[in-house]
Amino acid sequence: MSYESLPHFLGKIDLFEGLSEDTLSDLIERGTRLTVPAGQHVIEQGADDAGLQVVLEGSADVEVNGVVREPLKVGDYFGEISLIDGLPRSATVVAGPDGLGTFALSALAFEPVVRENPDVAQALLKALTARIRRLESEG
């Protein structure tokens with residue numbers, strides 16, 4: 001994926017949907033792209049690090065408390081909970097069989113964007129409440 005298409009791609013994800021081009025550009029400038037080989041752990045449940053990652057390429061396997069969850073695919077994201085509350089990671093994420101390419105934002109990079117752009121906080125709240133409702137309907 002080229003840099004020019006990243007704003008368009010991120011703008012279609014519920015977490016960033018409706019944000020201005022300037023805000024998306026700011027997020028992209030503060031973030032980085034990561035490539036993780038197949039089978040390598042991306043994050044570990046219980047780790048103290050925080051940061052958001054959006055899947056750009058490949059897939060990832062997810063495990064929570066030893067229970068395998070639905071794999072992550074292009075357009076999915078993870079790390080938003082730890083990014084917000086600063087608590088340890090709630091899942092382990094491992095790069096899938098074709099590896100994983102992500103766009104990553106650290107907590108330090110994300111915080112000023114939220115502070116300067118209330119639309120980002122609003123989008124984050126909407127995305128998280130939608131996820132909660134979906135989990136509740138599955139239960």
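Note: hydrogens, waters and symmetry copies are ignored here, and every other heavy atom, side chains too, is used. What you see is a predicted model, and the numbers here were worked out from it, not measured in a lab.
Atom CG of Leu100 and atom CG of Leu56 lie 8.5 Å apart (nearest 0.5 Å). Separating the CG atom in Leu15 from the CG atom in Leu128 is a distance of 7.5 Å, to the nearest 0.5 Å. Here CD1 of Ile28 is found 10.0 Å from CD of Glu21. Values are rounded to the nearest 0.5 Å. Taken to the nearest 0.5 Å, the CG atom of Leu124 stands 8.5 Å off from the CZ atom of Phe16.
In terms of the side chain to side chain donor-acceptor pair (under 3.5 Å) criterion, residue partners of Asn65 (sequence neighbours excluded) are, by chain and number, Gln45. In terms of the side-chain contact (heavy atoms from CB on, under 4.5 Å) criterion, residue partners of Ala121 (sequence neighbours excluded) are, by chain and number, Val114. Asp49 meets the salt bridge (charged side-chain N to carboxylate O under 4.0 Å, His left out) test with Arg89; sequence neighbours excluded. Residues passing the salt bridge (charged side-chain N to carboxylate O under 4.0 Å, His left out) test with Asp26 are Arg30, sequence neighbours excluded. Scanning for side-chain contact (heavy atoms from CB on, under 4.5 Å) contacts around Thr35 gives an empty result, with sequence neighbours left out. Checked against side-chain contact (heavy atoms from CB on, under 4.5 Å), Val94 has the following partners two or more places apart in sequence or in another chain: His41, Thr92. For Leu34, the side-chain contact (heavy atoms from CB on, under 4.5 Å) partners two or more places apart in sequence, or in a different chain, are Thr32, Gln53, Thr102, Ala104.
Between Val55 and Phe78 the shortest side-chain heavy-atom distance falls below 4.5 Å. Residues Asp61 and Val93 form no side-chain contact, since every pair of their non-hydrogen atoms from C-beta on lies 4.5 Å or further apart. Looking at heavy atoms from C-beta onward, Ser25 lies out of side-chain contact with Ser20 at the 4.5 angstrom threshold.
Minimum interatomic distance between Val64 and Ser90 (heavy atoms only, all atoms of both residues): CG1-O, 3.5 Å. Considering every non-hydrogen atom in both Gly11 and Leu24, the closest pair reads CA-CD1, 3.9 Å. The two residues Pro88 and Gly46 come nearest to each other via the heavy atoms CB-O, 3.4 Å.
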Only distances under 3.5 Å count here; give the side-chain donor-acceptor pairs of residues 66-77 to other protein atoms, sequence neighbours excluded, each with its distance to 0.1 Å.
| from | atom 1 | to | atom 2 | distance (Å) |
| --- | --- | --- | --- | --- |
| Asp76 | OD2 | Lys73 | N | 2.8 |
| Tyr77 | OH | Asp14 | OD1 | 2.9 |
| Tyr77 | OH | Asp14 | OD2 | 3.4 |

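Checking side-chain atoms of Thr23 against main-chain N and O of Leu19 turns up no donor-acceptor pair under 3.5 Å. Side-chain N or O atoms of Ser82 include none that pairs as donor or acceptor with a backbone N or O of Gly79 at under 3.5 Å.
Residues in residues 101-113 take part in these salt bridge (charged side-chain N to carboxylate O under 4.0 Å, His left out) pairs, two or more places apart or across chains: Glu111-Arg115. Sorted pairs that involve residues 37-46 and meet salt bridge (charged side-chain N to carboxylate O under 4.0 Å, His left out), not counting sequence neighbours, are lacking altogether.
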